A.B. asks: 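Sharing a structure, written as structure tokens. Questions coming.
Keep in mind that this is a model prediction, so the values were computed, not measured. A note on names: the letters A, B, ... follow the listed sequences, proteins ahead of strands, and every chain is numbered from 1. Any value given below was found using the heavy atoms of this structure, including those in side chains, with hydrogens, waters and symmetry copies removed.
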Amino acid sequence: MSADLPWPRLAAVAAIFAALNAGPLISQGLGYPPVPGLKTWRMYRGFGADICIARFEDRRPDGTSAPLDRFEVLKTTRADAPRYITFIPSEAQVARTGKTMCRRMPGKPHVFVDGECGSRYHWQPMTRLADVDLCGLTEADLGRIDKGGTP
Amino acid sequence: MSWLHAMLTEEGSTRSSGLLRILLALVLWTRWGTEVAFFFDQSPARLALGACFYLATTAMLLGVYSRASTAASGLIAMVMVHGFGPAGVEPWTHHHTAYLALATLLAALAPVGHSYSWDKWRAGDALPERAPLWGLRMVALHVSVVYFWTAWDKCFAAFLSGERLEMAFHQLYLGSDPAPAGFGTLMLVGAVLTVLVEYLLVVALWVRRWQWWAMPLGLLMHAAFFTLLPVGTFTATVFACYLAFLDADAVHRILDRVGGRPLDAQVPPG
């Protein structure tokens, strides 16, 4: 180290460097809980966790199936539909959307859904609705799904 | 350690610092101006906050007691982020606000009043447009720290596979409809590129001979963030802070050239 180094400035820079890195190092680097007042840089970590991709289909008694366009069935358009139909936020809302579609379809439809929901990590398959005829769901079933249970 | 010695002892034009002060004051007004205005909330605490905010940031913008007013603006912003935010004003705790507050506080270490300020107009030649620049480099250090830790935070399988980006785009654009063909590949490439560019910029922005490509790359990345994602004033703040990486004398010369003025004899030729 050079003798002509401006030590007070060096101390200030070292302190600033330590202060800027302390929060992220403790929480992100070492995995400890975040320290109040020390900022971490976890941007958009939860963004997109409230969205599900839903592929609805009508399964007929003869074993065939046809994909369903939820906007067409609900007689609306993507631009006019309520946000919870366009951007379905949860598996429970997927079930409610499917049930509403059943009520708008003629005859005795059998609507099934396949898809996945967002999370802070990977896509999560909609296991609770796998092979469930949404048209057969009762209000009690929907209530259980709302609470995180199975129909 | 010559780079450290150079950073600590570097002197140069103060125009970058003056511009940074003005730009950050404008970003502060853009982000918080409405929410601290007196009509917005008439509780005593918010009225007091509004008065302090406008007093400090107006002085900062005009360069009145520049360092003190910049420090005051930064401290007030920190109180908003770490005090009012956790106490119930949740949007004030977001990253773009926290970043803006700290960038403003760090800018107070730079010679922000030597150029484009009431301080300079009042003092004339007694306040030269040359000063130590280590404080300005702290603003740049902050940018690098944020890049490093945001890149670090993205290094997990769900992000690098593109899935987290897919979710963000479904949340904002595609809704619950299945994605078009090739979308997954596009998101994978976007995710990996984002992390690579962020790690690269941690170092590249500091290397003068790399800045000709590193800086446009960073600007392009933030422009993409701004137009595609709800990042608020984050992009504008980072754009302003990029001034802290540049050769301050080069900025001075460019401003002279743009302004049609003869080159300042105080500034070494490029």
A.B. asks: State, with a plain yes or no, whether a side-chain heavy atom of D177(B) is found less than 4.5 Å away from one of R70(A).
C.D. replies: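 Touching, per the 4.5 Å side-chain cut-off.
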A.B. asks: Could you grab the distance from atom CZ of R164(B) to atom CZ of R120(A), nearest 0.5 Å is fine?
C.D. replies: 7.5 Å
A.B. asks: Kindly compute the distance separating OH (Y44(A)) from CG (L165(B)), expressed to the nearest 0.5 Å.
C.D. replies: 11.0 Å
A.B. asks: With heavy-atom distances below 4.5 Å as the criterion, would you say the side chains of S161(B) and W123(A) are in contact?
C.D. replies: no
A.B. asks: Please state whether the side chain, the backbone, both or neither of R83(A) comes within less than 4.5 Å of a heavy atom of chain B.
C.D. replies: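 It is the side chain, since no backbone atom gets that close.
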A.B. asks: Does L20(A) reach the side chain of M138(B), with side-chain heavy atoms less than 4.5 Å apart?
C.D. replies: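 Side-chain contact under 4.5 Å: no.
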A.B. asks: Considering non-hydrogen atoms only, spot the tightest contact between P178(B) and A54(A) and give its length.
C.D. replies: CD-O, 4.3 Å
A.B. asks: Within the 4.5 Å heavy-atom criterion, are T86(A) and S176(B) side-chain neighbours or not?
C.D. replies: no
A.B. asks: Measure the shortest side-chain to side-chain distance between Q171(B) and F87(A) over non-hydrogen atoms and say whether it is less than 4.5 angstrom.
C.D. replies: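 With C-beta onward as the side chain, the pair stays apart.
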A.B. asks: Quick one: what part of D50(A) sits under 4.5 Å from any heavy atom of chain B, side chain, backbone, both or neither?
C.D. replies: both
A.B. asks: Go through the structure and list residues passing ring pair (Phe, Tyr, Trp, His ring centres under 6.0 Å) with Y121(A), not counting sequence neighbours.
C.D. replies: F156(B)
A.B. asks: Under 4.5 Å, counting heavy-atom pairs only, tell me which of P36(A), A49(A), G29(A) racks up the most with chain B.
C.D. replies: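 The residue among P36(A), A49(A), G29(A) with the greatest pair count is G29(A).
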A.B. asks: Taking the side chain as every heavy atom from C-beta outward, state whether H170(B) and C52(A) have any pair of such atoms under 4.5 Å apart.
C.D. replies: no
A.B. asks: In Å and rounded to the nearest 0.5 Å, what is the CG to NE2 distance from L10(A) to H5(B)?
C.D. replies: 10.5 Å
A.B. asks: Checking R42(A) against chain B: side chain, backbone, both or neither under 4.5 Å from a heavy atom?
C.D. replies: both
A.B. asks: Against chain A, label F225(B) side chain, backbone, both or neither, depending on which of its atoms sit under 4.5 Å from a heavy atom there.
C.D. replies: neither
A.B. asks: Between F17(A) and chain B, with a heavy-atom cut-off of 4.5 Å, which part of the residue counts as in contact: side chain, backbone, both or neither?
C.D. replies: both
A.B. asks: Can you check whether L109(B) reaches I16(A) side chain to side chain, under 4.5 Å on heavy atoms?
C.D. replies: yes
A.B. asks: Contact between K39(A) and H95(B) at the side-chain level, heavy atoms closer than 4.5 Å - yes or no?
C.D. replies: yes
A.B. asks: Assess whether atom CZ of F71(A) is packed by more than 12 heavy atoms of other residues, nucleotides or ligands within 6.0 Å.
C.D. replies: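 Buried by this count: over 12 neighbours within 6.0 Å.
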A.B. asks: Over all heavy atoms of both residues, which pair between Q28(A) and W152(B) is shortest? Give the atoms and the distance, please.
C.D. replies: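 Where Q28(A) meets W152(B) most closely, the heavy atoms are O-NE1, 3.2 Å.
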